[in-house]
Number of protein chains: 2
Amino acid sequence: MVRLSDVAVHAGVSVRTVSNVVNDFRHVAPHTRARVQASIDELGYRPNMAARNLRRGRTGLLALVVPEIDSPYFSDLAARTVRIAEDEGWTVLIDQTDGDPARERRLLHGERSQLVDGVIFSPWSVPAQELASRSDATPIVLLGEHDGAPPVDHVVIDNVRAAEEAVGHLVARGRTAIAAIGVRPTLGNATAHQRLLGHRRALATAGMEPRSDREAPVGSLHRAEGHRAMTELLDSLEPPDAVFCFSDQLALGALRAVVDAGLRVPRDVAVVGFDDIEDGRYAVPRLTTVSPDRDQIARLALQVLRDRLAGDDTPARVHTAGHRLVVRESS
Amino acid sequence: MVRLSDVAVHAGVSVRTVSNVVNDFRHVAPHTRARVQASIDELGYRPNMAARNLRRGRTGLLALVVPEIDSPYFSDLAARTVRIAEDEGWTVLIDQTDGDPARERRLLHGERSQLVDGVIFSPWSVPAQELASRSDATPIVLLGEHDGAPPVDHVVIDNVRAAEEAVGHLVARGRTAIAAIGVRPTLGNATAHQRLLGHRRALATAGMEPRSDREAPVGSLHRAEGHRAMTELLDSLEPPDAVFCFSDQLALGALRAVVDAGLRVPRDVAVVGFDDIEDGRYAVPRLTTVSPDRDQIARLALQVLRDRLAGDDTPARVHTAGHRLVVRESS
DNA sequence: ATGAAAGCGCTAACAG
DNA sequence: CTGTTAGCGCTTTCAT
């Protein structure tokens, strides 16, 4: 282990000067700088991050806490966040909770928060009130809506409007029996609820009656649940001629279920998803979906943390990122 | 900020005792422990990780460096690695390089390596020799084969054998014009080459001639490239009746290309992929693929790092994880 | 422009 | 079983 002082001795200067060179400060004579740099290279010096962090009181680390790294939506979001954060000098630490309340709490209140300067948190189970009341000083920004607009920074998309557009599109295509898949009654997270609201609103606008037997709950947002839910809908007395799924994964499962039932998409059943994951673009048929502006989501979240760390103590705000409906073959 | 000494004062004990409680050491009277714990809770004390890391000389962090977090294979591997590492008390920091040589080098030699105790590295561009000659003392384990068996720990699967099994399966199904998609001549990484080798070997075993016009190179492992490569193969004078793709993403792109050409899978063209990503299980038709044992890969990689950190200085070894051919509808 | 030295918060060797 | 204290490597105030 080569220390700063080793470099100083080797270069015949004080540690102060070496530190100045390492941190690229001004007020170092070009000649001195060159000599110090030569010593750094020769000795293979690398700053000890733990010592630097301790001294500076910052780590340069951000945590991105998501339910599942391996769901396409979150892995895509993570990739963008890491990329954008890197450009701003941050390192992102990705954690997964599986939506488990205990793990969400642990990451929220636990030791991890001492390791990072800020947290981008996508909660599933922990209710908004608890999020608002955390004692920790580490800035946090939430992804996704939470009922009651608590005093915590949020980055959201307009889920009600997006769902309304998606279902409105199915109405415009002449569908008259439109189901929804993805209701999640047990979650603290309000996203599914918002999409259900938009679904109902679009039906109402079209003069259609919302029917609870066409609002299918799911235990997860994965393909298997979409498949199961769609199969049940198709087995019902009045099967739907269109379905709006609250995630693309659910939609791809539903798509598969339609095929398994010997029917065709979109001829017999039109399918619309949500998230715009890559799989949907190459599915057979290609999936119509709502595409949230993920780059904007990542950028807004980082912006919030940067501002808070810079001392911004204005009241917490809700930042809304854009979205658009992408119509493809499945509808 | 509540410090260890604040808790000590509050509880009326020394910092040594508080530290003992925090780190769950023995030799603390139950009575004292309870009192200290009460103070910790009351004051909301959280250990300062930077200080702890500096003192201990370890950070408890591992880096998982992959080309793309958002490709299904790597995001799945990342999720497993994080989960398994967590059980062993590690925190995993995920980095992406986009396969870019400069970024791979930066993560390999740069300051990041001072932040973590060990590195799991899945290189694309940096050649094996360079990996072997890095000066850094941080233990590293590579994912994927590299020609020349350099003195660095590896975790691999038997790609030659796996590819041979996949293509052998197509032969057994009676296919006679079997193409390969996924050749990557420019990469330092030998994985694609190994799979090509297995492909050729299976053809040789079946008495078929390998044809370079049926070994399609790609610029990436994504769907779009699979689509493009398959379209070109189908447009050739003697289109194949089967294709072995070096990733499921390529295979799903190829699948789509077959459909776009007005043909059917597997009737006209059988398709086999590699990786066993979830999309493939719900594709239409479901994708036949080679499934690497990802849990074992993650476990072996962590095992290597744990051993190296514990002082194991035996020569670097190659650890081989299992795989199996999963036959589904596409073949 | 450079040097000397304090101290960030914690762990663990040493002492009792 | 508990207390005292040195020092991990770095940044930065103060002095020159």
Side-chain angles (χ1 to χ4, degrees), chain A residues 1-40 43-61 89 111-117 136-138, chain B residues 1-40 43-61 89 111-117 136-138:
Chain A
M1 155 113 307
V2 182
R3 303 191 308 292
L4 201 65
S5 60
D6 297 328
V7 178
V9 169
H10 187 271
V13 297
S14 77
V15 292
R16 170 68 210 251
T17 301
V18 181
S19 178
N20 281 346
V21 171
V22 170
N23 294 290
D24 216 28
F25 284 173
R26 69 258 110 172
H27 300 320
V28 180
H31 176 72
T32 314
R33 179 181 296 276
R35 201 167 75 246
V36 171
Q37 189 58 53
S39 293
I40 289 175
L43 298 177
Y45 169 73
R46 301 268 177 277
N48 179 314
M49 287 310 182
R52 172 176 286 181
N53 292 342
L54 173 59
R55 184 56 234 231
R56 285 188 177 161
R58 304 185 298 101
T59 60
L61 255 42
E111 304 193 340
R112 176 62 46 81
S113 63
Q114 282 295 319
L115 183 63
V116 298
D117 296 337
D136 213 295
T138 312
Chain B
M1 155 114 308
V2 182
R3 302 191 308 292
L4 199 68
S5 59
D6 297 329
V7 177
V9 169
H10 187 270
V13 297
S14 76
V15 291
R16 170 67 211 252
T17 301
V18 181
S19 179
N20 282 345
V21 171
V22 170
N23 293 290
D24 215 29
F25 285 174
R26 68 260 109 174
H27 303 319
V28 181
H31 176 73
T32 313
R33 179 182 295 278
R35 201 168 72 248
V36 171
Q37 189 59 53
S39 292
I40 289 174
L43 299 176
Y45 169 73
R46 300 270 177 277
N48 180 314
M49 287 310 185
R52 172 177 287 179
N53 292 343
L54 173 59
R55 183 58 233 229
R56 285 188 176 162
R58 303 185 298 101
T59 61
L61 293 174
E111 303 194 341
R112 176 63 45 80
S113 63
Q114 282 295 317
L115 183 63
V116 299
D117 296 337
D136 215 294
T138 312

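Below, chains carry the letters A, B, ... as their sequence lines are ordered, and counting in each starts from 1.
- Residue-level contact check: Asn23(A) touches the backbone only, with heavy atoms under 4.0 Å from sugar-phosphate atoms and none from bases.
- The distance from atom CE of Met49(B) to atom P of dC10(C) is 10 Å, rounded to the nearest whole Å.
- Toward the 5′ end of DNA chain D lies the nearest nucleotide of Val13(B), the other residue of the pair Val13(B) and Tyr45(A) mapping further downstream.
- Asn20(B) and Arg16(B) form a side-chain donor-acceptor contact under 3.5 Å, judged by distance and modelled atom types alone.
- In this structure, the nucleotide among dC10(D), dT2(C), dT2(D) sitting nearest to the side chain of Ser14(A) is dT2(C).
- The side chain of Arg3(A) places an N or O atom within less than 4.0 Å of a non-bridging phosphate oxygen (OP1 or OP2) of dG9(D).
- Between Leu61(A) and Leu61(B), the shortest heavy-atom distance links the atoms CD2-CD1, 4.5 Å.
- Side-chain nitrogen and oxygen atoms of Arg16(A) include none within less than 4.0 Å of the OP1 or OP2 phosphate oxygen of dG3(C).
- For the pair Ala11(B) and Arg35(B), the tightest heavy-atom approach, listed with the atom from each and the gap, is O-NE, 3.0 Å.
- When each of dA12(C), dT2(C), dG9(D) is scored by its nearest atom to the side-chain atoms of Leu54(A), the top-ranked nucleotide is dG9(D).
- Between Ser19(A) and dT11(D), a side-chain N or O to OP1/OP2 separation shorter than 4.0 Å is present.
- Atom P of nucleotide dG3(C) and atom CG of Leu4(A) are separated by 12 Å, given to the nearest angstrom.
- Taking the nucleotide of DNA chain C with the nearest heavy atom to each of Ala50(B) and Val15(B), the more 5' of the two is matched to Ala50(B).
- Counting all heavy atoms, side chain and backbone alike, Asp24(A) lies closest to Arg33(A) at OD1-NH1, 3.4 Å.
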Discussion item. Evaluate His10(B) against Val18(B) for side-chain contact (heavy atoms from CB on, under 4.5 Å), listing each step before the verdict.
Written reply: CA-CA 11 Å; His10(B) 187 270; Val18(B) 181; over 6 Å; no
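- Using a 4.0 Å cut-off, some side-chain N or O of Arg52(A) falls inside it from OP1 or OP2 of dT11(D).
- Atom pair Arg56(B):CZ and dG9(D):P shows a separation of 16 Å (rounding to whole Å applied).
- Rounded to whole Å, the distance from CE on Met1(B) to C1' on dC10(C) is 12 Å.
- Atom-to-atom, CD of Gln114(B) to P of dG9(D) comes out at 11 Å; the value is rounded to the nearest Å.
- At the phosphate of dC10(D), neither OP1 nor OP2 sits under 4.0 Å from any side-chain N or O atom of Ser5(A).
- Comparing dT11(D), dT2(D), dC8(D) by their nearest atom to the side chain of Arg55(B) picks out dC8(D).
- The distance between atom CZ of Arg58(A) and atom P of dT12(D), rounded to the nearest whole Å, is 9 Å.
- If you take CG of Asp6(A) and P of dC8(D), they are 11 Å apart, rounded to a whole angstrom.
- For the pair Phe25(B) CZ and dT11(C) P, the computed distance is 8 Å after rounding to whole Å.
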